[in-house]
A.B. asks: 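Handing you this structure, nothing more for now.
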Amino acid sequence: MNNVRAERTMAEFMNQLTRETIKELIVSAMEARKRSYSPYSHYQVGAALLTESGQIVTGCNIENAAYTPTNCAERTAFFKAVSEGITDFRAIAIVGSPEGDALTQYAYPCGVCRQVMMEFCNPSDFQVVVAKSEAEYRVMMLEELLPEGFGPSNLNDSTR
């Protein structure tokens, strides 16, 4: 795994994903990618969101001719989960590349998706996996992708 920090708290260590779990998430994201509706960009993305209870919720990108209503795979997975009452998450795997079966690049979440993750996840505990295959992947914490992110805790200013 890349981006492994030297210092880890016990909570962080206990929350680490196993290789088997990472592989299962990547495979689920690859399957979700096959359902991508991307007739404009031809860039297919799939995501697999791991809940605290161990359930996997998938999503794919869904484009729209007006562009603005387009929804990323990551947000699709989050919104599906939240609409079913699930709001506790551990990790997400994301795969994406231009149209076709091959994954040729890492697909990192966009800024809007990072902000949605920040809404529901502790940035120091939530893990983001980007993958080109079951064996070629990178794992990082949300806080590494969204340093100094704005989240619910910012609205509870204790200095007043």
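Side-chain atoms are counted along with the backbone in the values below, which use heavy atoms only and exclude waters and symmetry mates.
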A.B. asks: Side-chain contact test, heavy atoms from C-beta onward, threshold under 4.5 Å: evaluate it for C113 versus R75 and give yes or no.
C.D. replies: yes

A.B. asks: Hey, what do you get for OG1 (T76) to CD1 (I62), rounding to the nearest 0.5 Å?
C.D. replies: 4.0 Å

A.B. asks: What distance do Q127 atom CD and E144 atom CD have between them, rounded to the nearest 0.5 Å?
C.D. replies: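 Q127 atom CD to E144 atom CD measures 10.0 Å (nearest 0.5 Å).
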
A.B. asks: Show me the side-chain donor-acceptor pairs of residues 22-31 shorter than 3.5 Å, one per line, residues at least two apart or across chains.
C.D. replies:
unit_1 : atom_1 : unit_2 : atom_2 : d
S28    : OG     : E24    : O      : 3.0
E31    : OE2    : K34    : NZ     : 2.8

A.B. asks: With a 4.5 Å cut-off on side-chain heavy-atom distances among I, L, V, M, F, W and Y, is there a chain of contacts connecting V112 to F120?
C.D. replies: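 No, V112 and F120 fall in different hydrophobic clusters.
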
A.B. asks: Give, for atom CD1 of I86 and atom NZ of K80, the distance between the pair rounded to the nearest 0.5 Å.
C.D. replies: 10.0 Å

A.B. asks: Does N61 use its side chain to pair, donor to acceptor, with the backbone of Y43 at less than 3.5 Å?
C.D. replies: yes

A.B. asks: Within a 6.0 Å radius of atom OH on Y37, are there more than 12 heavy atoms belonging to other residues, nucleotides or ligands?
C.D. replies: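 For Y37, atom OH is not crowded (no more than 12 foreign heavy atoms under 6.0 Å).
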
A.B. asks: Going from CE on M141 to CG on L146, what distance comes out if it is rounded to the nearest 0.5 angstrom?
C.D. replies: 14.0 Å

A.B. asks: Under the criterion side-chain contact (heavy atoms from CB on, under 4.5 Å), which of V116, V45, L49 is the partner of E74?
C.D. replies: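 Among V116, V45, L49, the one that satisfies the side-chain contact (heavy atoms from CB on, under 4.5 Å) with E74 is V45.
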
A.B. asks: Locate the shortest heavy-atom distance separating L103 from G96; write the atom from each residue and the value.
C.D. replies: CD2-N, 3.9 Å

A.B. asks: Check whether S97 reaches the backbone of T104 with its side chain - one donor and one acceptor, N or O, closer than 3.5 Å.
C.D. replies: yes

A.B. asks: Got a donor-acceptor contact below 3.5 angstrom from the Q44 side chain to the G100 backbone?
C.D. replies: yes

A.B. asks: With rounding to the nearest 0.5 angstrom, report the CG to CD distance, N154 to E148.
C.D. replies: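 Atom-to-atom, N154:CG and E148:CD are 9.5 Å apart.
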
A.B. asks: Restricting to non-hydrogen atoms, name the atom on Y137 and the atom on R19 that form the minimum distance, rounded to 0.1 Å.
C.D. replies: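 Reported closest heavy-atom pair: OH-CG, 4.1 Å.
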
A.B. asks: Please check: side-chain N/O of T70 versus main-chain N/O of N64, any donor-acceptor pairing under 3.5 Å?
C.D. replies: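 Checked: pair present.
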
A.B. asks: When rounded to the nearest 0.5 angstrom, what distance separates CE in M118 from OG in S153?
C.D. replies: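 Result: 6.0 Å between the selected atoms.
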
A.B. asks: With a 3.5 Å cut-off and no angle check, do the side chains of S41 and S38 form a donor-acceptor pair?
C.D. replies: no

A.B. asks: Verify, without hydrogens or angle tests, whether R114 (side chain) and G149 (backbone) share a donor-acceptor contact under 3.5 angstrom.
C.D. replies: no

A.B. asks: Give the minimum heavy-atom separation between A32 and C60, together with the two atoms involved.
C.D. replies: O-CB, 3.3 Å

A.B. asks: Could you tell me which residues satisfy side-chain contact (heavy atoms from CB on, under 4.5 Å) with E136, sequence neighbours excluded, listed by chain and number?
C.D. replies: Y106, K132, S133

A.B. asks: Going by the angle between their ring planes, with limits at 30° and 60°, are F78 and F126 parallel, tilted or perpendicular?
C.D. replies: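 Geometry flag for F126 against F78: tilted rings.
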
A.B. asks: Has R138 got a side-chain atom pairing as donor or acceptor with V130's backbone, closer than 3.5 angstrom?
C.D. replies: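 No, because the side chain of R138 does not come within donor-acceptor range (under 3.5 Å) of the backbone of V130.
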
